[in-house]
Amino acid sequence: MKGQNTVIGQVQDDEALTHALTEKKHIARATERKIDAIEFEMSRDMGRPKSVASKTANDGPLTRTAPNQFHTDFVATDFQSTVALSMQTTELILGQTDLQAAPMAQIESVPLLEEAAILFATGQTKVAEHMLRSAIDLDNLGTATSLAWFMLFDLYQIEQNQYAFESLSLDYAGKYETSPPIWRNSDANKDAPASKDESAVPSLTFPSKLDGEIIKLLQKLNGFSENSKVLKLDFGRVKTVDPVGCGLLLRAIRNLQKTKHDLVLVAAQNLTEQIRSILEVGRRDETEAPWLLLLEILQLLQLKEVFEEASIDYCVTFEVSPPAYEAPTNKVTTAVPEPVSEEDNSDRFLMPKSIEGSTDALVKQIAAFAKDHQLIILDCSQLERVEFGASAQLLNGLVPISSSKDKSIQFHEVNYLVMHLFNAMGLKNVAAIFPRKQS
């Protein structure tokens with residue numbers, strides 16, 4: 001009797017499992033039909049046949065894309081693996097997250113990195129570069145190793161060595177499974193379309209929720225695509241995504257690839273993070289669309305190693321062969337979101353691009369600014385280098401200001417070379433130092 005009951009129990013479990021899988025298949029098919037229906041309505045409203053990239057409801061669930069279907073148009077920005085990384089607090093603060101960066105006073109002192117910063121400040125750029133490269137290769141600084149990467153990125157950016165920057169980006173993406181910092185052109189964007197001003201490029205900003213309602217935006221996108229071979233897609237405001245929205249966007253992107261449109265992609269990192277937030281390795285729910293959109297974008301971003309990692313997660317989840325990586329064939333430019341200032345520029349003191357020699361004039365300007373402000377925010381977004389001797393003068397000039405009653409000094413948007421110089425010189429004792437976000 002005991003054996004018979006066990007058999008009956010197994011049969012019941014098998015039936016329950018079969019029922020659950022069948023129910024999930026129905027949900028997936030319903031989601032795909034919803035995507036199809038929305039696309040069909042858009043096609044009908046536009047008075048032309050449905051795009052060849054979409055399917056009818058009878059075609060069943062969204063099919064897996066074969067390797068030769070992954071033709072791409074985008075270039076790098078940001079993503080973390082679908083499996084959550086176990087990161088130290090320092091890495092979370094300084095890494096590519098939405099958390100507010102911590103002031104320098106909360107970040108440990110690293111003598112090797114401070115020495116590299118001093119070498120750079122004294123003009124010994126090559127020696128500083130070799131020291132940082134060695135620290136990265138040896139990987140013996142624990143959680144502080146990521147700071148060495150950021151310092152080297154800043155050094156290449158300041159030196160306008162884009163080749164070395166891009167090479168380092170590939171290594172960084174492979175090691176940390178997240179997108180590297182973005183190269184910022186100092187003048188006009190060299191990668192932007194040559195014959196067009198960026199302001200003239202048709203731009204589409206996606207809303208906070210990427211769902212079925214984006215069909216209205218995609219209708220506009222179709223109109224833009226007929227009149228311009230360059231399109232700008234901004235994902236900076238996206239906070240949540242759902243499978244329907246992912247499916248619609250996936251099809252739109254594939255259509256743009258087929259028509260060979262050049263693309264300017266803004267805040268792609270943010271989009272990949274939002275997609276990743278609804279995925280779980282091994283969990284099959286609703287549709288493959290979010291996974292396929294994630295893989296599509298990673299490929300567009302030329303993050304090969306990260307793409308391959310995500311494709312393995314996809315393979316494990318759906319028990320299929322992972323798609324092969326193919327580099328983008330069309331021209332794609334990445335861009336960071338345009339800064340939206342929450343406070344008047346008059347509340348910030350803009351530091352110069354370089355500080356060297358005597359700092360008397362600069363300190364006087366800061367002191368005059370401080371007379372009208374209790375919180376003295378020194379904006380270092382344009383500051384690239386501070387000469388070693390000038391940093392000592394700057395410290396001496398800021399001490400009287402910081403010691404005044406009800407006065408507080410903060411350095412904002414400081415690059416990592418300057419940040420470690422300030423740390424070595426003791427400026428963190430007179431001011432809070434907020435490093436620049438690497439995104």
Side-chain angles (χ1 to χ4, degrees), residues 70-80 95-98 149-150 153-154 156-157 160-174 176-194 196-206 210 221 224 228-238 249-250 252-253 256-257 260-276 293-307 310 325-340 381 436-439:
F70 277 78
H71 297 294
T72 54
D73 293 3
F74 294 85
V75 180
T77 180
D78 205 45
F79 166 76
Q80 295 182 356
Q96 306 188 30
T97 69
D98 292 331
W149 286 86
F150 294 151
F153 275 121
D154 281 337
Y156 289 145
Q157 179 73 65
Q160 287 293 294
N161 190 344
Q162 187 170 2
Y163 177 82
F165 187 100
E166 297 296 346
S167 178
L168 185 66
S169 297
L170 294 175
D171 295 338
Y172 180 87
Y176 290 102
E177 298 181 339
T178 185
S179 294
I182 298 173
W183 174 263
R184 294 178 173 87
N185 289 300
S186 56
D187 301 315
N189 191 338
K190 298 177 183 178
D191 293 328
K196 291 181 179 284
D197 190 297
E198 187 177 36
S199 62
V201 175
S203 178
L204 203 68
T205 301
F206 286 81
L210 194 76
L221 182 61
F224 291 160
S228 175
K229 293 298 291 183
V230 184
L231 299 169
K232 181 177 179 181
L233 307 180
D234 188 340
F235 301 106
R237 296 181 183 178
V238 177
L249 181 58
L250 174 65
I253 288 176
L256 292 175
Q257 294 166 15
K260 306 298 182 182
H261 277 80
D262 293 336
L263 298 166
V264 179
L265 202 69
V266 180
Q269 168 192 354
N270 178 58
L271 178 60
T272 58
E273 288 175 350
Q274 301 311 322
I275 297 172
R276 172 181 166 271
L293 178 60
L294 177 62
L295 292 172
E296 194 80 14
I297 294 176
L298 290 177
Q299 195 163 226
L300 298 170
L301 302 178
Q302 297 192 49
L303 295 175
K304 183 177 180 181
E305 293 186 21
V306 184
F307 169 90
Y325 174 86
E326 290 186 7
T329 56
N330 291 354
K331 186 173 183 179
V332 179
T333 305
T334 54
V336 295
E338 294 182 4
V340 179
S381 57
R436 181 180 301 164
K437 284 186 177 182
Q438 295 290 344
S439 56

Are any non-hydrogen side-chain atoms of [X] and [Y] less than 4.5 angstrom apart?
| X | Y | answer |
| --- | --- | --- |
| P180 | L303 | yes |
| S203 | F224 | no |
| D234 | V264 | no |
| L249 | F235 | yes |
| L221 | L233 | yes |
| Y156 | Y163 | no |
| Q160 | W183 | yes |
| I275 | L293 | yes |

Exercise for the section: Report the C-alpha separation of L263 and L256 in whole Å, then their side-chain angles, then the decisive distance to 0.1 Å, and conclude whether the side chain to side chain contact (heavy atoms under 4.5 Å, CB included) test is met. Expected result: CA-CA 9 Å; L263 298 166; L256 292 175; 4.0 Å; yes
Measure from the side-chain N and O atoms of [X] to the backbone N and O of [Y], and report whether any donor-acceptor pair falls under 3.5 Å.
| X | Y | answer |
| --- | --- | --- |
| H261 | S228 | yes |
| N270 | V238 | yes |
| R436 | S381 | yes |
| Q157 | R184 | yes |

Exercise for the section: Begin with the C-alpha distance, continue with both residues' side-chain angles, and end with the deciding distance and a verdict on side chain to side chain contact (heavy atoms under 4.5 Å, CB included) for Q274 and L210. Expected result: CA-CA 10 Å; Q274 301 311 322; L210 194 76; over 6 Å; no
Distance check, rounded to the nearest 0.5 Å: [X] atom [atom1] versus [Y] atom [atom2]?
| X | Y | atom1 | atom2 | value |
| --- | --- | --- | --- | --- |
| L271 | F206 | CG | CZ | 8.5 Å |
| E305 | D171 | CD | CG | 8.0 Å |
| Y325 | Q302 | OH | CD | 5.0 Å |
| K229 | K331 | NZ | NZ | 14.0 Å |
| L231 | L204 | CG | CG | 8.5 Å |
| L295 | T272 | CG | OG1 | 11.5 Å |

Exercise for the section: Just jot down the side-chain contact (heavy atoms from CB on, under 4.5 Å) partners of S167, sequence neighbours excluded, or say none. Expected result: none
Exercise for the section: Could you check F153 against Y172 for ring-ring contact (aromatic ring centres under 6.0 Å, His included), going step by step and ending with a plain yes or no? Expected result: CA-CA 10 Å; F153 275 121; Y172 180 87; 5.6 Å; yes
Handout entry: Heavy-atom pair of closest approach, residues P202 and V230
Key = CD-O, 3.4 Å
